[in-house]
Amino acid sequence: MSRVLVRDLATKHNETVTIEGWLHKKRLLGGLNFITLRDRSGIAQSLIEDKDEIEKLRGLQIGTVFSLTGMVTPDERAPGGAELHDVKVEVQVPVTDEPPIEIDKPISHKSENLDTLFEYRVLNVRNLQEQKIFKIRASILANIREYLTKNEFVEIQTPKLLAEATEGGAEVFKLDYFDKTATLAQSPQFYKQIMVGAYERVFEIAAAYRAEPSATTRHMTETMMLDIEMGFVSGHDEVLDTVGDMTINTLNRIYSDHANDLKSLNAPELKLPSDGKVPRFTIAKIHEMYEAATKNTVEDKKDLTPDEEKWICEYARKELGSDLVYATEFPLAAAKFYHKRNVENGTVYWGDLLFRGVEIATVPLRENNYQKMVEQMKEAGLDVTHEGFKYYLQAFKYGLPEHGGCGYGIDRLVQKAIGLNNIKEATLFPRDINRLTP
RNA sequence: GGGCUCGUAGUGAAGCUGGCCUAUCACGCCUCCCUGUCACGGAGGAGAUCGCCGGUUCGAAUCCGGUCGGGCCCGCCA
């Protein structure tokens, strides 16, 4: 008999069917035994009264792979309105070892228990509540891909094994590469800019590696980045608007498509601007507002402190009804060699997209003039003849239009969209300074 | 890299101003009872050298030192 999925039982009333899956829960009442089975589409209850049949499950633990064949019987008392009766049990993969964690109940996400969460990740991905997180994550990615593809962005893949760290900023991982030393890409920055020369608009969703010894709730050593780059932009605003619109679009869809799951995960209410425009404040303005409101002093004005990020997000949510806010016009002191500078006001065309208290994307405009690039690289003390820059500079020498894009933290987006406390909770198998397994 | 915290059955917690601790509770597990459970219920049972090493003490889960492993914050970064 061919397999029927749990979600299709509603259409099979009074038919004899076979369902296959994992043992989810046994509730043995003596003569009356309720067995729930989980498959990819949900969980279903079966009623087993035959002593010989229920005996087949004696000593078998949650997770046992089995099939149940029986009559789909409508019954108001059954979850989902129907259950299997006159059931034959067939065990496919018996599990006799007691699982180290309880799979059929919500798993603790308290910060002090996260180590247990990840130690038994292989098992807790079977937990229904845990599965919701990663289904929402999959939907977020699908929505982003759909949005970008619709807007004529071409998805690309670029190498993660590199000869040399080039972008600067974050620390890089080094590894043996035959008789050379290779590094792991901390960003596809150079490659995506090069590809603007081909398609104008490109994006990549891939892992980025950061060797920062950061032990916080928002850092991992391996993180999934969405990188976007678009050419022939009319200015910084167009890039900020595109990334903002994509984010608003994605969050609205997720909150509508996964309303029940988000509610059961205690996600906060989503607040987005009704006009579709993410509110913007300059870095200088945020420093000023923050210092005036909190009486704190910000020592290093190059960037926002974590506390300022939280503060401006709370302000935007409360005063402007927006969970998203842009911090724009970074000071020249923060500029990297590839950034486009605004010489008129001494700032960089660079905005950070903040969401519910953390930075989820950096959204800058790039310098696209070859001569200026070379100058800015020399200013930064970089060797423009170095192999690491040679190919990158070729793209500029042979013509790149004005362009900009973003480096976008997918894990942070998922984390904050659901309202999780730690970025690792939004990641199946997180990598941080002290975890390389599972 | 700096600061602050935590470590007790498989899991989550209580105890931790030293002795009523032969270490408590909940979930899970095992045995038995139970014909409408859905966090099933009831009776019983097994399961912990209190992270590790050393010290103080008549006596240490409890105090002290070291060590290992977590977590949170800062810095750095996305």
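The chains referred to below are lettered A, B, ... by the order of the sequence lines, with proteins before strands, and numbering in each begins at 1.
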Strand partner of B/G41, provided both Watson-Crick or wobble distances fall under 3.5 Å | B/C33

Could you walk me through whether A/Gln193 and A/Arg366 pass the side-chain contact (heavy atoms from CB on, under 4.5 Å) check?
-> CA-CA 9 Å; A/Gln193 287 186 258; A/Arg366 321 293 181 188; 3.5 Å; yes

Can a donor-acceptor pair be found between the side chains of A/Asp39 and A/Ser41 at a distance below 3.5 Å?
-> yes

Atom CD1 of A/Ile205 and atom C1' of B/A78: how far apart are they, to the nearest Å?
-> 15 Å

Determine the interatomic distance between P on B/G15 and the same-named atom on B/C25; round to the nearest Å.
-> 15 Å

How many Å lie between CG on A/Asn124 and C1' on B/U11, as a whole number?
-> 12 Å

Pull out every protein N or O sitting under 3.5 Å from an N or O of nucleotides 30-33 of chain B, one pair per line with the distance.
unit_1 : atom_1 : unit_2  : atom_2 : d
B/C30  : OP1    : A/Gln61 : NE2    : 3.4
B/U31  : OP1    : A/Arg58 : NH1    : 3.2
B/C32  : OP2    : A/Arg58 : NH1    : 3.3

May I ask you to verify if any side-chain N or O of A/Lys25 is less than 4.0 angstrom from the OP1 or OP2 atom of B/C38?
-> no

Compare side-chain N and O positions of A/Arg435 against OP1 and OP2 of B/G71 and report whether any pair is under 4.0 Å apart.
-> no

Which nucleotide, in any strand shown, forms a Watson-Crick or G-U wobble pair with B/G65, with both distances under 3.5 Å?
-> B/C53

Is it true that the side chains of A/Tyr290 and A/Asn296 contain a donor and an acceptor less than 3.5 Å apart?
-> yes

What pair of heavy atoms forms the shortest contact from A/Arg121 to A/Leu428, and how long is it?
-> NE-O, 2.7 Å

Over how many whole Å does the gap from A/Lys105 atom NZ to B/A13 atom P extend?
-> 15 Å

N or O in side chain of A/Thr217 less than 4.0 angstrom from B/C73 OP1/OP2 | yes

From CD of A/Glu112 across to C1' of B/C72 the rounded distance in Å is 10 Å

Assess the side chains of A/Thr158 and A/Lys160: does a donor N or O sit below 3.5 Å from an acceptor N or O?
-> yes

Does a donor on one side chain sit under 3.5 Å from an acceptor on the other, for A/Gln61 and A/Glu98?
-> no

Go along nucleotides 42-51 of chain B 5' to 3' and tag each nucleotide: B for a protein heavy atom under 4.0 Å from its base, S when only backbone or sugar atoms are that close, - otherwise.
-> ----------

Tell which nucleotide pairs with B/C27, taking only Watson-Crick or G-U wobble pairs whose two distances are both under 3.5 angstrom.
-> B/G10

Atom CD1 of A/Ile35 and atom P of B/U37 are separated, to the nearest Å, by 16 Å

Both distances under 3.5 Å, Watson-Crick or G-U wobble: report the partner of B/C21, or none.
-> none

Using only heavy-atom distances, determine whether the side chains of A/Tyr209 and A/Glu222 contain a donor-acceptor pair under 3.5 Å.
-> yes

In the strands shown, is B/C72 matched to any nucleotide by a Watson-Crick or G-U wobble pair with both distances under 3.5 Å, and which?
-> B/G3

With sugar-phosphate meaning primed atoms plus P, OP1 and OP2, does A/Pro100 contact a base, only sugar-phosphate, or nothing at under 4.0 Å between heavy atoms?
-> sugar-phosphate

Would you say the side chain of A/Arg210 and the base of B/A78 hold a donor-acceptor pair, judged only by whether the two atoms sit under 3.5 Å apart?
-> yes

Between P of B/U37 and CG of A/Asn33, the distance in whole Å = 14 Å

With a 4.0 Å cut-off on heavy atoms, is A/Gln415 in touch with a base, just the backbone sugar-phosphate, or nothing at all?
-> nothing

Is any side-chain nitrogen or oxygen of A/Asn434 closer than 4.0 Å to OP1 or OP2 of B/G70?
-> yes

C1'-based separation of B/A13 from B/U31 [nearest Å] | 27 Å

Aromatic plane relationship, A/Phe396 with A/His403 - under 30° parallel, 30 to 60° tilted, over 60° perpendicular = tilted

For B/G71, does either OP1 or OP2 sit under 4.0 Å from a side-chain N or O belonging to A/Asn421?
-> no

